[in-house]
Number of protein chains: 2
Amino acid sequence: MATISDVAERTGLSKATVSRVINNHPYISKEKRELVYKAMEELGYQPNPSARRLRGQLTNTIGVIVPRIVNPFFSYLVDALEQVAYENNYQVLMFQSDEKKDKELYFLNLLKTKQVDGLIMTAIENEREVIESYTRFGPILFCNEYLSQSEIPVVRVDQSKAAYIGTKHLLDRGYRKIAYCTGGLFVDDGKDKDRNIGFQKALNDHQININTAWVFINKHTIEDGRHVMRQIAGMNEKPDAIFTGSDEIAAGVILEAKSLGMKIPEDLAVMGFDDQPIAEMIDPALTTIQQPIKEMGTISVDMLLRLLKNQPLDQKHKELSVELVIRSST
Amino acid sequence: MATISDVAERTGLSKATVSRVINNHPYISKEKRELVYKAMEELGYQPNPSARRLRGQLTNTIGVIVPRIVNPFFSYLVDALEQVAYENNYQVLMFQSDEKKDKELYFLNLLKTKQVDGLIMTAIENEREVIESYTRFGPILFCNEYLSQSEIPVVRVDQSKAAYIGTKHLLDRGYRKIAYCTGGLFVDDGKDKDRNIGFQKALNDHQININTAWVFINKHTIEDGRHVMRQIAGMNEKPDAIFTGSDEIAAGVILEAKSLGMKIPEDLAVMGFDDQPIAEMIDPALTTIQQPIKEMGTISVDMLLRLLKNQPLDQKHKELSVELVIRSST
DNA sequence: TTGTTTTATGAAATCAGTTTCATAACCATC
DNA sequence: GATGGTTATGAAACTGATTTCATAAAACAA
């Protein structure tokens, strides 16, 4: 591997001058500049990122933490983030938290040890204070998930409205006994709380109380959905509709319902969330809430790059809108 | 950020001794060792990876390149790779090639500039010579995709057998007019060629010739599948079965067939590949070929770590077996 | 008691860049 | 002709670790 000294030697210049050429400093004669470019080309020289980082330079890497990449919502989100990052000459270091605090901490330390310039967090496991303590090492951005009391910038969709229009749709169709499925364990903050609020508001509009037996927490996967359906099947008083936290849960509910001989939506209307490819694929096709994933990714990277360049943000809290996609499951 | 000098100062020792403690060198008194640990703890000290890398140390990062992360096969593979890597104290730098040569080159350069210790390539865009020229910067491993003439180690499934048992299954069910769908553009090497061979062999066993009108190349997505189905629908002589390159293509075929009023498998038997979650989800459920993704990931990381530690490999070419999963689409 | 290992530690070099400080030539201004 | 700003470049310091070389004390052998 050629080093900057090799380039300096070949051109008869000093390392300092070569470095200036590389970094586009002013006051370099055109003549020397071209000499350096030529030598770099000939030697196949590429600056060593570790050495640059050591001098406090940027790494041109942003970290993205997701709960699980196999969840299509997040793989599409990472896809979008990576595309935009690449266009801006940034790499993405992807990391799964697996919903574990220690993995998230390991990840946050990448910022501390300057392995990434900034972080995009699409999941939050640790306490607010812990995460905020890392902001002194570099910019952090919440994407999708967030903490309401935090000063950390956020890009997210209006989850409360999303849940509201979803639930309202079920109510408009005449369903009154609505079950509710959420991903959160403790729904005391962030997107799950917002969804809760939207759901409650819609019910309140119709003077309906939530039946706590019909509330399922910490559900994420297809298997979780199947499990929920089995629980419902075993109930004396069954709901006539279910609002789920993701298309995957909804798909699980439908699959299990079918194997139990139930009809969707006649016996149970099912509402998804995300509008993943499976929403169209499953029979009956899922009514669901479409999230602007590509847009979230684009805006998130843009905002983070702004923070990295110390440019001002027009808003610290960017809220995107969602759309109801009506298909056959409701 | 605390540095090694801070730790040295606090303990009254030299940087050299502190470094020795960190790296478990011999000949350190228990007393000093504990002193250093205590100081590191108190200062929240963490070694700066850039500085370590600069001294030629390993980065504890492996790079993984995939064509597209939104393809569930690859998101499951990356998931597996990341899990195993994390258990071994390694991070994963994930990268999408988007099937573009220049993105792949950019990625290969991460190895050259020592940003990753080794690479796992699950897609190959550039010529053999190009990729092999990078092996002098660090170990490269092919996972899933590969080049037959190359010296680069490979972890893959027996694609030829996979296609053979899949096609044989169709033949056993009595289908004789079998269409074929592949991902490759030029099927002249690697996994697509192997599948080809397996497909041909199965047909040869029954003295059937391939109808080239029924061969579709460069197909990957659900949309591609729909497109294929539309093409088939427009044919005078239609196939009675189709062997596809992924469950997604198969799902697209089924969805489009249904919307065209065709019955699966009566009008067209559909064979998937991968056994993704959607295989179970779609109606009719897909007959498909299950790939041992988790195992591929585990073995790949193990092999790469061996290469990194200069340990010998028991085999340079690890081949895993696949299984036929029979459901209702055939 | 002397000589040789073994154990334990530190000073300084090293990795490959960037940045500070110094300097010199050139041009303009008073 | 002295002063001052702009342009252009290099020597050396610096980033934060690891490693080599040197050295001294302790342990062991002759």
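Just so you know, these numbers use all the heavy atoms, side chains as well, and skip hydrogens, waters and symmetry mates. In what follows, chains carry the letters A, B, and so on, assigned in the order in which the sequence lines appear, proteins first and then strands, with residues in each chain numbered from 1.
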Where do A/I152 and A/R128 land on the side-chain contact (heavy atoms from CB on, under 4.5 Å) test, with the steps shown first? CA-CA 10 Å; A/I152 294 175; A/R128 183 167 65 82; over 6 Å; no

Could you go through nucleotides 26-28 of chain D and list every protein N or O atom that sits under 3.5 Å from one of its N or O atoms, giving the distance for each pair?
none

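- Residues that satisfy the side chain to side chain contact (heavy atoms under 4.5 Å, CB included) test with A/R306, not counting sequence neighbours, are A/Q311, A/L313.
- Whole-Å rounding puts the A/R52 CZ to D/dC14 C1' distance at 17 Å.
- A donor-acceptor distance shorter than 3.5 angstrom exists from the side chain of A/T122 to the backbone of A/I65, with no hydrogens or angles considered.
- For the pair A/N23 CG and C/dG17 C1', the computed distance is 9 Å after rounding to whole Å.
- Formation of a donor-acceptor pair under 3.5 Å by the A/E132 side chain with backbone atoms of A/E151 is found in this model.
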With salt bridge (Lys or Arg N to Asp or Glu O under 4.0 Å) as the criterion, how do B/K103 and A/E82 come out once you've worked through the C-alpha distance, each side chain's angles and the decisive distance to 0.1 Å? CA-CA 12 Å; B/K103 280 198 95 174; A/E82 202 267 342; 3.2 Å; yes

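- A perpendicular orientation is assigned to the rings of A/Y86 and B/F95, their planes being inclined by more than 60° (bins at 30° and 60°).
- A/N48 places its CG atom 18 Å from the P atom of C/dT14, with the value rounded to the nearest Å.
- On a pure distance criterion of 3.5 Å, a polar donor-acceptor pair joins the side chain of A/R55 and the base of C/dT18.
- In terms of position on DNA chain D, the residue among B/L54 and B/H25 whose nearest nucleotide sits closer to the 5' end is B/L54.
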Please list, for nucleotides 8-10 of chain C, all pairs of protein and nucleotide N/O atoms separated by less than 3.5 Å.
{"unit_1": "C/dT9", "atom_1": "OP1", "unit_2": "B/S29", "atom_2": "OG", "d": "3.1"}
{"unit_1": "C/dT9", "atom_1": "OP1", "unit_2": "B/K32", "atom_2": "NZ", "d": "2.8"}
{"unit_1": "C/dT9", "atom_1": "OP2", "unit_2": "B/S29", "atom_2": "N", "d": "3.0"}
{"unit_1": "C/dT9", "atom_1": "OP2", "unit_2": "B/S29", "atom_2": "OG", "d": "3.3"}
{"unit_1": "C/dG10", "atom_1": "OP2", "unit_2": "B/S14", "atom_2": "N", "d": "2.9"}
{"unit_1": "C/dG10", "atom_1": "OP2", "unit_2": "B/S14", "atom_2": "OG", "d": "3.0"}
{"unit_1": "C/dG10", "atom_1": "OP2", "unit_2": "B/T17", "atom_2": "OG1", "d": "2.5"}
{"unit_1": "C/dG10", "atom_1": "N7", "unit_2": "B/R20", "atom_2": "NH1", "d": "3.3"}
{"unit_1": "C/dG10", "atom_1": "O6", "unit_2": "B/R20", "atom_2": "NH2", "d": "2.6"}

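- At whole-Å resolution of the value, CD in B/Q115 and C1' in C/dA16 are 14 Å apart.
- Rounding to whole angstrom units, CD1 of residue B/I22 and P of D/dT19 are separated by 12 Å.
- Taking the six-membered ring where tryptophan is involved, the planes of B/Y146 and B/H317 are perpendicular, since the angle between them exceeds 60° and thus also 30°.
- For the pair A/K294 and A/Y76, the cation-pi criterion (under 6.0 Å, within 45° of the ring axis) is not fulfilled.
- Rounded to whole Å, the distance from CG on A/L35 to P on D/dA8 is 15 Å.
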